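What's counted below: heavy atoms across the whole structure, side chains too, no hydrogens, waters or symmetry copies. Convention: sequence-line order gives letters A, B, ...; per-chain numbering from 1. A quick note: this is a predicted structure, and the numbers were derived from the prediction, not measured.
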Protein chains: 2
Amino acid sequence: MELITEGEPSDFLHVLTAGAVDLFATWEGRRSSLATVLPVSTFILAATIRDAPYLMSAVTLEKSRIVLIPSQDVRRVFGEDGDFARAIVAELAGCYRALVKAQKNLKLRSAQERLANLLLRLQVEAGGAAEISLPFEKRRLASLLGMTAENLSRTLRALRRHGVAVDGARVRITDRAALERLARPSPLIDDPLT
Amino acid sequence: MELITEGEPSDFLHVLTAGAVDLFATWEGRRSSLATVLPVSTFILAATIRDAPYLMSAVTLEKSRIVLIPSQDVRRVFGEDGDFARAIVAELAGCYRALVKAQKNLKLRSAQERLANLLLRLQVEAGGAAEISLPFEKRRLASLLGMTAENLSRTLRALRRHGVAVDGARVRITDRAALERLARPSPLIDDPLT
DNA sequence: GGCGTCGCTTGACAATTATCAACCAAGCTC
DNA sequence: GAGCTTGGTTGATAATTGTCAAGCGACGCC
């Protein structure tokens, strides 16, 4: 379900309380996913604050519950309530840092390295289980990683030489050390998916 | 001159009042410029707010004047002064939006398209003059655009077929319509350089 | 069951981009 | 002026990534 479309004025701050949302952007017929929003989290906070048009579009990925707060109210309460202001600015700074990491990931690493690092992170998130399952549709995953679905498919197979066994959406990390040798994860780039 | 290095704790908010600063990141021997800071502007604001390590390094590009404000003070005054808080959050939201645009630029466009759009923007910034000069070293420009210096050099020549004449750092846009046909600029992606 | 649709994979191929080495021109230093 | 250094360009080549088309298997629907 389409929630917002890039270019529209930002009338409401959105808060996701249940479900999942894909943030994406388009240009000249191309489309790229920029982030996945999971509860509880706001989105398009920056547009709300600056009273500027949305830069991204948003669709729900599943049945979701979303709270809409009029942007004017957000800006008004920001001036009245110091704790609210602090919460807003902390959230925004966190989003900013996540984006810087994404930018570094994209500009400094190859597609294979990005994928390898994602798998390592997924494993951490899964509590270290050897077998994990990809959290979303591969097409979307590819877009988030900045590659095509075909390239993801091939790259996933190529990681077999680096301690990864793939079967559909199920992935087994058979040799974490080998994968880390390829991925070279860094806390200054790799982010919790949140 | 090296101002900050990624990974270090963020003790000071930096404010550039004169000169120019390059923000870049490194990983495994690779290096990529993420932004150029021009006066008057803050940098590493998000790290200051979250009291988290720097994600980027910063070097001066020329003789510069930089004001350092202890991060604790920034966080304290944020709670005491509503106008200050509003200014901070507006600045941060602006940086965030600039970064989203950069991300879209990188993920949705080819190197040639990114370069073409940059030239168009430079011309606007130069008040529409037919002849403009590239604002920084080509090597850094290439890095900002997410490509190698060699690729920039070749792509610049390739733009001759699209209304661009190049002579070293001087660029003449001879056919803006043709260049726009290739570049397809969009206010939802292309940003003032600030 | 038969038949679409959909997501994913694979193959063949092309475009894009990077790498490496050589070279050039300008600006310095001695 | 000779020799360095530096930033930029060019050529040859390779690696990476994308495109297009076909095929496969699972699923839902009639």
Could you check whether Ala149(A) gets within reach of a base, just the sugar-phosphate, or nothing at all, counting any heavy atom under 4.0 Å? nothing
Rounded to whole angstrom units, what separation is found between the CG atom of Leu145(B) and the P atom of dT17(C)? 11 Å
Reading DNA chain D from 5' onward, which residue's closest nucleotide shows up sooner: Asn151(A) or Val166(B)? Val166(B)
Nearest-Å distance, CZ (Arg30(B)) to C1' (dA15(D))? 13 Å
Could you tell me the separation between the CZ atom of Arg139(B) and the C1' atom of dT19(C), rounded to a whole number of Å? 15 Å
Between dT16(D) (P) and Leu115(A) (CG): distance, integer Å: 14 Å
Taking atom CG of Asn151(B) and atom CG of Leu145(B), what is their separation to the nearest 0.5 Å? 10.0 Å
Should the pair Arg109(A) and Trp27(B) be classed as cation-pi, given the thresholds of under 6.0 Å to the six-membered ring centre and 45° from the axis? yes
Euclidean distance, atom CG of residue Leu156(B) to atom P of dT10(D) [Å, nearest integer]: 10 Å
Using whole Å, report how far CG of Leu159(A) lies from C1' of dT9(C). 16 Å
Nearest-Å distance for atom pair CG/C1', residues Leu134(A) and dG7(C): 13 Å
State which of dG7(C), dG18(D), dT9(C) makes the closest approach to the side chain of Lys138(A). dT9(C)
Side-chain heavy atoms nearer than 4.5 Å, only ILVMFWY residues, links allowed to pass through others: does that put Leu92(A) and Leu45(B) together? yes
Using a cut-off of strictly less than 4.0 Å, decide whether Thr148(A) has a side-chain nitrogen or oxygen near OP1 or OP2 of dG18(D). yes
Mind checking Glu150(B) for me? I need base, sugar-phosphate or nothing, with any heavy atom below 4.0 Å counting as a touch. base
Side-chain-base donor-acceptor pair under 3.5 Å for Arg154(B) and dG8(D): no
For dT10(D), does either OP1 or OP2 sit under 4.0 Å from a side-chain N or O belonging to Arg157(B)? yes
Would you call the rings of Tyr54(A) and His14(A) parallel, tilted or perpendicular, where under 30° means parallel and over 60° means perpendicular? perpendicular
Taken to the nearest whole Å, CG/Leu106(B) to P/dT17(D) is 13 Å
Is there a continuous path of hydrophobic side-chain contacts, each under 4.5 Å between heavy atoms, that joins Val40(B) to Leu61(B)? no
